[in-house]
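First comes the structure, then the notes that go with it.
Given the structure is predicted, the values throughout are model-derived calculations rather than measurements. When a residue number appears, it is its place in the shown sequence, counting from 1.
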Amino acid sequence: MAHPYPLREIARQAGLSEATVDRVLNERGGVRPGTARAVHRAVTELDRQRTQVGLVGRSFMIDIVMQAPERFSSAVREALEAELPLLQPAVLRCRFHLRETGPVRELVATLDRIARRGSQGVLLKAPDVPEVTAAVARLVAAGVPVVTLATDLPATGRLAYVGIDNRAAGATAAYLTAQWLGDRPGSVLISLSSGFMRNEEEREMGFRGIMRGLRPRRALVEIDEGQGLDAAQYHLVRDALARDPEIRAVYSIGGGNVATLEAFEAAGRECAVFLAHDLDQDNTRLLAAHRISAVLHHDLRQDMRQACRIVLRAHGALPPAGPVRPSAIQVVTPYNMPPETGDTVGAPAGGPG
């Protein structure tokens, strides 16, 4: 396997011994397929971070552990890798541990491996369950700075949370939904990916609180555990539409929006107002096509920059700073999409509602 990196760099990136990496690269056998994949993935990650690898400065290895749909974890990864070259003279290198779903024990095993192996920082998006809380506490006890991303784990001793004020985001979604639906009858579908993600719980609470004040008679219908994945989401939405013929708006907290719209179309139903989160690839296309009403978005690159700086400060590589403030919430419509998401959008078939 051709590559320009020293064996020790690949071993460090993969979290394996040099001897194991040597066996994989020279195809000597006796290595499990998963271990071989980890070595090849490490070389690919070094290729992606080639600019950083070549910089002169103090070097830090951090781990990014995320449970999220691939479309979101990819957006986070792209944002982080765009920020890495701007952190000079420090050099941050990243190992990625990304999963869409799976047993909690596997996520805990990943965190425990990092604690045993060592890391100079962990950026974490994970469900708020006791097993994960205990694993993060073990990381902190091992001297590893932990920064939570998008969803918080406040009982873990993590160093900081980076992301939006999720309750305020839910309140904003309720305000917009109430304005656009007005006095027309109809229920609102609230869609979560999981009942164990604190950020989603906070968004839901913010939404329900404001909707209760603005439109107290408006029925709210909740679905969850679709994990933001289209296959599961489609069936959950289809069943909800069959149970409640009055649903005519959606607040999508957890994603799977292509499938949600497909379920409306299959049922021959109109979705008059659709609020979503994050300008990932799916939502960008849907918004440009005027198939969703607005997206509550925030600057992922700014979040990644903030998270990396927190880790650097923990190691004394940057001077202390004040408390971390929540990221600004942007309400993005088809008419104010950021330039990088596309130069133009088509004419709408109609506004929200």
Once rounded to the nearest 0.5 Å, what's the spacing between atom [atom1] of [X] and atom [atom2] of [Y]?
X    : Y    : atom1 : atom2 : value
Y175 : F207 : OH    : CZ    : 14.0 Å
L107 : M66  : CG    : CE    : 11.5 Å
S193 : I223 : OG    : CD1   : 11.0 Å
E200 : E204 : CD    : CD    : 9.5 Å
I329 : L296 : CD1   : CG    : 7.0 Å
E201 : N166 : CD    : CG    : 10.5 Å

[X] to [Y] - nearest heavy-atom pair and separation:
X    : Y    : value
A314 : P145 : CB-CG, 3.9 Å
L153 : A126 : CD2-O, 4.0 Å
L241 : A263 : CD1-O, 3.7 Å
V147 : A307 : CG1-CB, 4.1 Å
V39  : A14  : CA-CB, 4.5 Å
C94  : E45  : O-OE1, 3.7 Å

>> Under the criterion side chain to side chain contact (heavy atoms under 4.5 Å, CB included), I'd like the reasoning laid out for L123 against I62: C-alpha separation, chi angles, the key distance, then a yes or no.
In response: CA-CA 8 Å; L123 310 186; I62 63 173; 4.2 Å; yes
Between [X] and [Y], is there a donor-acceptor pair closer than 3.5 Å when you use the side chain of the first and the backbone of the second?
X    : Y    : result
R99  : G102 : yes
H297 : L279 : yes
R305 : L84  : no
R218 : L214 : no
R184 : L181 : yes
Q227 : E100 : no
D22  : E18  : no
T133 : V129 : yes
T35  : V31  : no
Q120 : M61  : yes

> After noting the C-alpha distance and the side-chain angles of V24 and H40, does the key distance pass the side chain to side chain contact (heavy atoms under 4.5 Å, CB included) rule?
Replying inline: CA-CA 9 Å; V24 172; H40 297 312; 4.0 Å; yes
>> Using a strict threshold of under 4.0 Å (side-chain N to carboxylate O), is an ion pair present between R208 and E222?
In response: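 Here E222 pairs with R208 in a salt bridge, since their nearest N and O are under 4.0 Å apart.
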Same apolar cluster: [X] and [Y], side chain cutoff 4.5 Å:
X    : Y    : value
Y234 : I292 : no
I64  : F72  : yes
V311 : L159 : yes
L87  : L300 : yes
L312 : V122 : no

Does atom [atom1] ([X]) have a neighbourhood of more than 12 heavy atoms from anything else shown, all under 6.0 Å?
X    : atom1 : value
E106 : CD    : yes
R269 : CZ    : yes
R28  : CZ    : yes

Any heavy-atom pair between the side chains of [Y] and [X] that's under 4.5 Å?
X    : Y    : answer
R291 : E265 : yes
I10  : V43  : yes
R77  : F96  : yes
L149 : L124 : no
I253 : I190 : yes
K125 : T148 : no
I247 : F264 : yes
V188 : V221 : no

> How about H277 and Y251: are their ring centres within less than 6.0 Å of each other?
Replying inline: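 Yes, the ring of H277 comes within the 6.0 Å limit of the ring of Y251, centre to centre.
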> Could you go step by step and tell me if M337 and T284 meet the side chain to side chain contact (heavy atoms under 4.5 Å, CB included) rule?
Replying inline: CA-CA 8 Å; M337 295 173 67; T284 296; 3.7 Å; yes
>> Distance alone, cut at 3.5 Å: any donor-acceptor contact between the side chains of Q67 and T101?
In response: no
> Quick one: do the S191 and Q233 side chains pair a donor with an acceptor below 3.5 Å?
Replying inline: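 Side-chain D/A pair, S191 to Q233: present.
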> N257 pairs by side chain to side chain donor-acceptor pair (under 3.5 Å) with which of D230, D282, N283?
Replying inline: N283
> For R105 and E131, what are the C-alpha separation, side-chain angles and deciding distance, and is it a salt bridge (charged side-chain N to carboxylate O under 4.0 Å, His left out)?
Replying inline: CA-CA 8 Å; R105 66 177 181 276; E131 299 92 332; over 6 Å; no
> Taking it one step at a time, do T260 and F274 satisfy side chain to side chain contact (heavy atoms under 4.5 Å, CB included)?
Replying inline: CA-CA 10 Å; T260 297; F274 197 126; 3.7 Å; yes
>> Among R93, R95, R113, which residue satisfies the salt bridge (charged side-chain N to carboxylate O under 4.0 Å, His left out) criterion with D63?
In response: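 Among R93, R95, R113, the one meeting salt bridge (charged side-chain N to carboxylate O under 4.0 Å, His left out) with D63 is R95.
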>> Which residue is it: R158, R198, R167? I am looking for the one with a salt bridge (charged side-chain N to carboxylate O under 4.0 Å, His left out) to D152.
In response: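 It is R158; the other options fail the test.
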